[in-house]
Amino acid sequence: MTNENPDNQSRRKFLRDGFWVAVLSALAAAAAAVLAKGRKKKYVWQLDPAKCIACGNCATHCVLNESAVKCVHAYAMCGYCDLCTGYFVPEPKALDTAAENQLCPTGAIKRTFVEDPYFEYTIDERLCIGCGKCVKGCSAFGNGSLFLQVRHDRCLNCNECAIAVACPTQAFKRVDADNPYLLKGK
Amino acid sequence: MKERMGKFRSGLLIAFVLILAVAAGVIAFLLSDTSGTHVALGPEYTYDIKQYAEIDPALILYRQVGETIETDFENTHAIAVDAEGRIYVAGDERIAVYSADGNVIKQIELGAEPTCLAIDGNGGMIVGLSDTIEMLDAPGVETARWKAPMPNALLTSIATDKNNIFAADAVNKVIWRFDRKGNVIGKVGEKDEKRNIPGIVIPSPYFDITMAPDGLLRVVNPGRHLIEAYTVQGDREWFWGKASVGIEGFSGCCNPINFALLPDGGFVTCEKGLVRVKVYDADGHFVGVVAGPDQLGWVEPLRVCETPEQCSSKGFDVAADSDGRIYILDMVRKNVRIFEKE
Ligand code: SF4
Ligand code: SF4
Ligand code: SF4
């Protein structure tokens, strides 16, 4: 048993407590810095469908060989038409899935029967090159439910988007990465 | 010793997996083409409708008479003409009545956006205000008002005879038949296999009807590209029409969007997409063109809509008077042009 000076004991306790306060403060500061960094808004490129005229540049000007822009479908706006002008060439021989009747040059749109006389149209993004041909057909005669969007599962978020530079209608803009799509019918 | 060897082996395995992952990442990055070569799209990627949109001038049988009437509406929804040739335009929250030379005769305030309009036999008006029907006398004073039976109704056209008021509901794809007091006394156009009625298909909110002097209701079935005739009890008597971008057909997913009856029983039709107003005889045979893009002041023969609003709510409406003159309301430009047979 040692008979220690109570003054020494309280100094050691003070140093020990101070050490832990300093460590915890440093940790809190680091955590706050990380959180603040995480909370700092990140922006990504997106195209505004209300401004897009489906000029074709989205297919050809992306830095990726296969454009990050794809056709997307606002189902809530779709008429589920038998004669879908985004799916069929202007004067189809028959309303069937024969290649000669399809508007999409890459066969990226799938037509599925729902119930008479309604059909659902879905985009196979692996085949879509973002040319906008179907978008034009749908906007000209239909409800405009087919439109283009930058798909963020593949977009590199270039510092300067090459399509934005080439876009004739200035449809490209930076949007919040937490909300990266500008959807029609919302 | 055994334990140390086990630890060494698993360490080696982790290192190996890490090296593999890094190598895969590097290869994937090197393989991804980010050169952006800008190869132009081939002709197969062009949406070309021009060959169908052009109208042979020999087919144009009408010419515009008088000046174009430029209205001061922000939104227009319907046009009608009365027996004296006065032009009624419904839009914003009012009806404006014009003389044939474009002077405003009177304005009738409605208190809500009108969606359709018909001239009543007694000189009054019947207006659709989304889900509500309002009857007005000739000076424009409300005489009756009632709601459509379904709360989500969107009334896009009204037709009437001595005993009935018919209202086309684009949301519920049905024509409500009311008596003159507003009681529902029937439905027309609803799918009914037993009565051989295929049902109305309405991809976008255009659904036009007119009562013909023969007592049959003429109904556009836009998604089927048909004009149909129904008895007031709802029996489907006959139909005509075909889908085609060719001049004789109705283009796109759903056309015609609006139509009017001519004194000889023929039809005047308006389409969305292609800018063309055409005439068919009473049996549905194509007769000729009233106006195309040139006559209606459109540079482009194809009106591509660029916003959802443009895609679903803008086009042309048409009316005809007892002399066969045709009145075309351009809902985008908010003007009215009058055409006469050459
Ligand atoms: S470049 Fe602009 S206008 Fe052309 S398709 Fe892309 S977003 Fe639309
Ligand atoms: S037409 Fe063009 S934009 Fe539309 S689905 Fe096919 S490739 Fe994609
Ligand atoms: S940011 Fe880069 S990768 Fe993304 S769409 Fe634009 S050019 Fe393509």
Side-chain angles (χ1 to χ4, degrees), chain A residues 49-57 59-67 74 77-92 95 103-106 116-118 129 131-145 147 154 156 158 162-163 166 169 184-186, chain B residues 29 31-53 191 193 198-206 221-225 243-246 249-255 257 271-274 300-313:
Chain A
K51 287 189 179 166
C52 172
I53 56 165
C55 71
N57 283 353
T60 54
H61 281 67
C62 180
V63 295
L64 292 170
N65 193 29
E66 202 184 87
S67 178
M77 286 175 68
C78 181
Y80 291 81
C81 309
D82 186 6
L83 202 175
C84 167
T85 49
Y87 181 82
F88 287 112
V89 293
E91 196 70 329
L95 300 187
L103 186 73
C104 176
T106 65
D116 181 50
Y118 301 105
I129 63 154
C131 72
K133 192 180 182 186
C134 61
V135 175
K136 273 204 168 148
C138 179
S139 307
F141 294 102
N143 290 356
S145 57
F147 60 103
R154 60 205 82 196
L156 304 177
C158 309
I163 312 175
T169 60
K184 273 188 169 185
K186 284 258 163 184
Chain B
F29 179 76
L31 283 182
S32 74
D33 186 344
T34 56
S35 57
T37 39
H38 305 180
V39 180
L41 291 174
E44 69 274 26
Y45 290 93
T46 307
Y47 188 73
D48 189 7
I49 196 99
K50 280 221 165 65
Q51 68 177 109
Y52 302 105
K191 186 171 179 171
E193 275 165 24
I200 308 286
V201 179
I202 305 177
S204 51
Y206 292 102
N221 196 338
R224 298 187 191 274
H225 304 88
S244 170
V245 286
F250 297 129
S251 58
C253 63
C254 39
N255 265 318
I257 52 166
E271 284 168 67
K272 68 175 176 133
L274 291 177
E300 285 294 319
L302 185 68
R303 254 198 39 229
V304 176
C305 54
E306 278 147 24
T307 63
E309 293 72 34
Q310 283 174 13
C311 291
S312 63
S313 64

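Nothing here was measured: the structure is a model prediction, and the numbers come from that model. We name chains A, B, ... by the order of the sequence lines, and we start the count at 1 in each one.
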>> Walk me through whether B:Ser251 and A:Thr85 qualify under side-chain contact (heavy atoms from CB on, under 4.5 Å).
In response: CA-CA 9 Å; B:Ser251 58; A:Thr85 49; over 6 Å; no
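- Counting only N and O atoms by type, the side chains of B:Ser204 and B:Lys272 include a donor and acceptor under 3.5 Å apart.
- Inter-residue side-chain proximity for B:Ile49 and A:Phe141 is flagged as met; some heavy-atom pair is nearer than 4.5 Å.
- Only the side chain of A:Ile129 comes within contact range of chain B, with heavy atoms under 4.5 Å apart.
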> Do B:Leu41 and A:Thr60 pass the side-chain contact (heavy atoms from CB on, under 4.5 Å) test, and can you show the C-alpha distance, the side-chain angles, and the key distance before you say yes or no?
Replying inline: CA-CA 7 Å; B:Leu41 291 174; A:Thr60 54; 3.7 Å; yes
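- Heavy-atom pairs under 4.5 Å with chain A were tallied for B:Gly249, B:Gly223, B:Ser244; the largest tally goes to B:Ser244.
- Of the residues considered (A:Leu103, A:Val89, A:Asp82, A:Thr106), A:Leu103 shows the highest number of contacts with chain B, using heavy-atom pairs under 4.5 Å.
- At a 4.5 Å heavy-atom cutoff, the contact between A:Tyr118 and chain B is made by side-chain atoms alone.
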